[in-house]
Structures are given as C-alpha cells and as structure tokens.
Participant: 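First, the structure itself, so that you have it in front of you.
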Protein chains: 2
Amino acid sequence: MTTPSNPSAATPLTERQEERRRRILKAGVRLARRGGFDAVQMREVADSSQVALGTLYRYFPSKVHLLVATMQDQLRQLHDGLHRRPPTDAEPAARVANTLMRAFRGLQRDPQLADAMVRACLFADRSVSQEVDVVSQLTRRIILDAMRLDGPPSPQQMAAARVIEHTWHSTLITWLSGRASIGEVTADIETVCRLVDLPAAVPPPDDRG
Amino acid sequence: MTTPSNPSAATPLTERQEERRRRILKAGVRLARRGGFDAVQMREVADSSQVALGTLYRYFPSKVHLLVATMQDQLRQLHDGLHRRPPTDAEPAARVANTLMRAFRGLQRDPQLADAMVRACLFADRSVSQEVDVVSQLTRRIILDAMRLDGPPSPQQMAAARVIEHTWHSTLITWLSGRASIGEVTADIETVCRLVDLPAAVPPPDDRG
DNA sequence: CGCACTTCTGTAACTTGTTCTAGCTTATCG
DNA sequence: CGATAAGCTAGAACAAGTTACAGAAGTGCG
C-alpha cells in the first residue's frame, strides 16, 4: 500500500526535484500576490514554474495542498524570524498578542497572498487534514513560544493556545473578506489573549470533586 | 445601478417565487446531508427542485450564496428554538457554553450538512460578505441572548461575543475536517466562554493613566 | 552499452461551477 | 383582449480543477 508516485511520502527528493518544488511554490506565491486564491490557477502555476501540469499534481495533489504547503513555508519563516527577535513584553499575554500582531502586519503587506493561504486552510477537506494539521501545530508552537513558559504547558495553557489559534484564523478571514477592519482584528487578538494570563485566576466553575 | 433581476434585492417575491425558493433550499439541504459541500452540485439542485439552472442562479448567484442562505435558515430555526427553551444555568458563561453545545449536538446529527454550511461561510469571498455578515450577526445575537444581559452589552462583552463566535466557527471546521474530536470542540467552547465572566475581573493590563 | 523502471512532458478529456442565448410563459397595464 | 416586460426553461458554451495517457527523458544496473 505504498504510494511510490508521491514524493511527499517518504522519498527524500533529489536535488532537481527540490528545485522543481521550490519553483512551483514560488510561482504559486507570485500568482497569489496578485489576485489571491482565485488567481492561483493550476495551469498557470505549471507554466510559470516550467513544469508539466501532471508533474505539478504529482508534487501537490490539489490546489489546496499547494496553498497549504505555502502556508507552512511562511509560518516556518515567521517562526525563524521570531527566534531572532522575540517579543520583549513582561506579560505572557502581551507577548502572544504582539507576536500575532507582528504576523498580522506581515500579512497586511500581502493581503492577497494571505487570502489564498488562509482560505485554503479553512476550506481544506479531510484529504488535506494531515497538511493542515502541520499548519495548526506550527501556529500553536509560535503561540506557545511567545508564552515563554518555564515547564511544559498546562492543560489550561494548551486550551488557551488552541482558542487563540481559532480566533486568529477566523478573525483573519473576516478581515480578508472585508467584514472586519484592522482595528477589529487587533481587538479580537487582544481580547482572546487575555485567556493566557487567566488559568490560575478562574478555576473550573463546576469543579465537582 | 439597480439589479432588477435579483429577487434578493428589494422585490417582495410572489407566492410562487417563495415556493420556488423554498424548494431550492430544501433540495440543497437534502443533497448536503449526503456528501456535504461537494455533493451540493448546482445542476442537481436545479433538477431536484424542478427549476432551470438559470433560475437557480437568479435566486442564488453562487453555490456559496445558496449554502450561506441555508446557514441563515438553520440559525433562525435555532434561535427560535432557544427562545422556547432558553438555557437555565446561573452563570452567563455556562449559559453561552450550553447554548453552543446544544447547537453542536444539533450539528452532530447532520455532520455533512454542517460541513456544507460552515465551509461555505468560511470560504466565502467578498461577493458574499453581506450574506455572511447576516450569519455573523445571527450567531452573535444567539450568544448575546444566552448571556442574558441587563442593559446593552459593554464593549468587553461585545468583544467576548466576537471571539466566541470566531472560536465556534473555527473549532467546528477542525472537527468537520477530522482534525479535532468532539471532546476537543467541547473543551474549546468551554475555554473561550470563560471570557464572558471576565470583563470586570481583569482590567486592561497596560492601564497607562 | 542496453534494458527496465521511474519521472516528466504535452495534451486531451472529464467534471462541475458559472454564464449565455433563444424561445416560451406569466404578469401587468392600457 | 393585446402589447410589453419580466421571469422561466432547456440547453449550449465557457472556465478552471483534476485526471488520463502516450511518448520522451532521466536513472540505475547488468
């Protein structure tokens, strides 16, 4: 039951193949920057990256896979950037909020690219769940890093991180589709980040024990 | 710049037209119940509701419009049901959480329908923003009703409602695409609802004054 | 080198959302 | 009733994601 045709499986990819993959991703980003999700057309990505359509689909089995992979790329770059210049605020909640605001400012520079990536992640069905899960984990890692915990995160802290991640994705989409302003996105991020400083303050309300 | 061809504009719709519209929505729901988003195929909706394809598009200018309208329908039904049997918990946060859990249990009975509606709302682009905004307002109304406030909501309460709504949509999609369990959705809802009881407890952390 | 196997290419075909067109039906109004 | 316009139908046509396929190019091995 192996899938020898799919390089994303276990095959380590040759040099030329890595090169092709990079070309494809780059072409996708270029197209996404104009026009967003709709402008990333598979035939154009193939032409633009000098690869046959069939080859494109061998590397990325769907348009959504391609854009989710792009999102992974961008998150890894962001994560690296954050390692070099971590947030300096005293409170964990503020560090998380500022980290996300930094990411948000990055996305504002390329709203169309953001549109393509975020819509792909939210629209993705089960066939992409593994790849979207990587996006999820990367995002959560960024949030947890910003918390800068001493030990492993408590269940409450994990829960907060999850909810922050939800709010992040959903508020982004409302902004991208023109239903929320930058100010509203900012407010949502700050609001949800309050959960970070909370876990000890409010014990589970229904602590039957 | 009027759009006389679009009944959704201002035309009050005749009896026969209301009837057609209902048939279309019903057919859409029926198809969505099997197969989810992908199974709602416009030609089939048209056939199944005994309407020409062009007519379908006159009533709902895109598949996403159709499914967003379905979501509006469902939310109005939920809202009515909640009026008849409101949540009885003492704490506002618990009322909100239980309200959303009730909605969630409803969706669990028809996960495929939920898939179609939620994916449509999240995937919707600017051309549907008005209709998606109605979904947003209905959702927020349900949340605010569950809070059962005395006066008008404070800015913090509005902010909490917004974030709860974000978490609701996003956690639903993770469940629908198989990346989160029912337990995780439940936990996310309960976590975010803690924001409701909070506004007074945690003043703005950086109260420069 | 020559062979077997995989990968890549170019292209056509298929699917489904969306648009367009020509003609028919219904509603409105004088 | 008859004219006019708006709405409806059937079906073709178009667009973009996806799949299929035949052959060329690259790779590994005897």
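In what follows, every chain begins at residue 1, and chains take the letters A, B, ... in the order their sequences are listed. All values derive from a computational prediction rather than experimental measurement.
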Participant: Are B/K63 and B/F37 in a cation-pi setup, meaning NZ or CZ lies under 6.0 angstrom from the ring centre and within 45 degrees of the ring axis?
Facilitator: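 Yes.
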Participant: Of the nucleotides C/dG17, D/dT9, C/dT9, which has the atom closest to the A/V51 side chain?
Facilitator: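 In terms of side-chain proximity for A/V51, the closest of C/dG17, D/dT9, C/dT9 is C/dT9.
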Participant: Over 60° means perpendicular and under 30° means parallel, so tell me whether B/F123 and A/F123 are parallel, tilted or perpendicular.
Facilitator: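 Judged by the thresholds at 30° and 60°, the geometry between B/F123 and A/F123 is parallel.
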Participant: Tell me the interatomic distance from A/Y57, atom OH, to C/dA13, atom P, rounded to whole angstroms.
Facilitator: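 Computing the A/Y57:OH to C/dA13:P distance gives 18 Å.
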Participant: Does a donor on one side chain sit under 3.5 Å from an acceptor on the other, for A/E184 and A/T171?
Facilitator: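 Distance-only check fails for A/E184 and A/T171.
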Participant: Side chain of A/R58, heavy atoms from C-beta onward: which of D/dT9, C/dT11, C/dT7 has the nearest atom to it?
Facilitator: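 Closest nucleotide among those given: C/dT7.
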Participant: Give the rounded distance in Å between these two atoms: CZ of B/R21 and P of D/dC8.
Facilitator: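 Interatomic distance, CZ of B/R21 to P of D/dC8: 13 Å.
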Participant: Ignoring hydrogens and geometry beyond distance, is a side-chain donor-acceptor pair present between B/R16 and B/T14 at under 3.5 Å?
Facilitator: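 On atom types as modelled, these side chains do not qualify, holding no pair under 3.5 Å.
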Participant: Could you list by number each residue of residues 27-45 of chain B showing a heavy-atom separation from DNA chain C of less than 4.0 Å, or answer none if no residue does?
Facilitator: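 When residues 27-45 of chain B is checked for heavy atoms under 4.0 Å from DNA chain C, the hits, listed by number, are B/V40, B/Q41, B/M42, B/R43.
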Participant: CZ of B/R23 versus P of D/dG7: gap in Å, rounded?
Facilitator: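 The distance from CZ of B/R23 to P of D/dG7 comes to 17 Å, rounded to the nearest Å.
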Participant: Distance alone, cut at 3.5 Å: any donor-acceptor contact between the side chains of B/S48 and B/R30?
Facilitator: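 The answer is yes; a qualifying pair exists.
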Participant: Between B/Q17 (CD) and C/dT26 (P), how many Å, whole number?
Facilitator: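 Going from B/Q17 (CD) to C/dT26 (P), I get 13 Å.
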Participant: Measure CG/B/D125 against C1'/D/dA16 and give the value in whole Å, please.
Facilitator: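 B/D125 atom CG is separated from D/dA16 atom C1' by 15 Å.
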Participant: Think A/Y59 has a side-chain N or O under 4.0 angstrom from the OP1 or OP2 of C/dC8?
Facilitator: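 Yes, within the criterion.
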Participant: I'd like to know if the side chain of A/S170 pairs up with that of B/H166 as donor and acceptor (distance under 3.5 Å, no hydrogens or angles considered).
Facilitator: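 A pair is found: one side chain offers a donor N or O, the other an acceptor, under 3.5 Å apart.
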Participant: Rounded to whole angstroms, how far apart are CG on B/D47 and P on D/dT9?
Facilitator: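 Atom CG in B/D47 sits about 11 Å away from atom P in D/dT9.
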Participant: Find the distance A/E15:CD to C/dC8:P and express it as a whole number of Å.
Facilitator: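 A/E15 atom CD is separated from C/dC8 atom P by 14 Å.
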Participant: Measure from the side chain of B/L53, starting at C-beta and using heavy atoms only, and say which of D/dG7, C/dC8, D/dA12 lies closest.
Facilitator: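 From the listed options, D/dA12 comes nearest.
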Participant: Here's a test of your reading of the structure: between B/V64 and A/L56, which maps to the more 5' nucleotide of DNA chain C?
Facilitator: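 First, find each residue's nearest nucleotide; the 5'-ward one identifies A/L56.
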Participant: Which nucleotide in the set D/dT19, C/dT18, D/dT27 lies at the smallest distance from any side-chain heavy atom of A/R16?
Facilitator: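 Closest nucleotide to the A/R16 side chain: D/dT27.
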Participant: Write down the distance between CG (B/L66) and C1' (C/dT18), rounded to a whole number of angstrom.
Facilitator: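 Atom CG in B/L66 sits about 14 Å away from atom C1' in C/dT18.
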Participant: What residues form a side chain to side chain contact (heavy atoms under 4.5 Å, CB included) with B/P153, not counting sequence neighbours?
Facilitator: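 B/L144, B/L149, B/Q157, B/M158.
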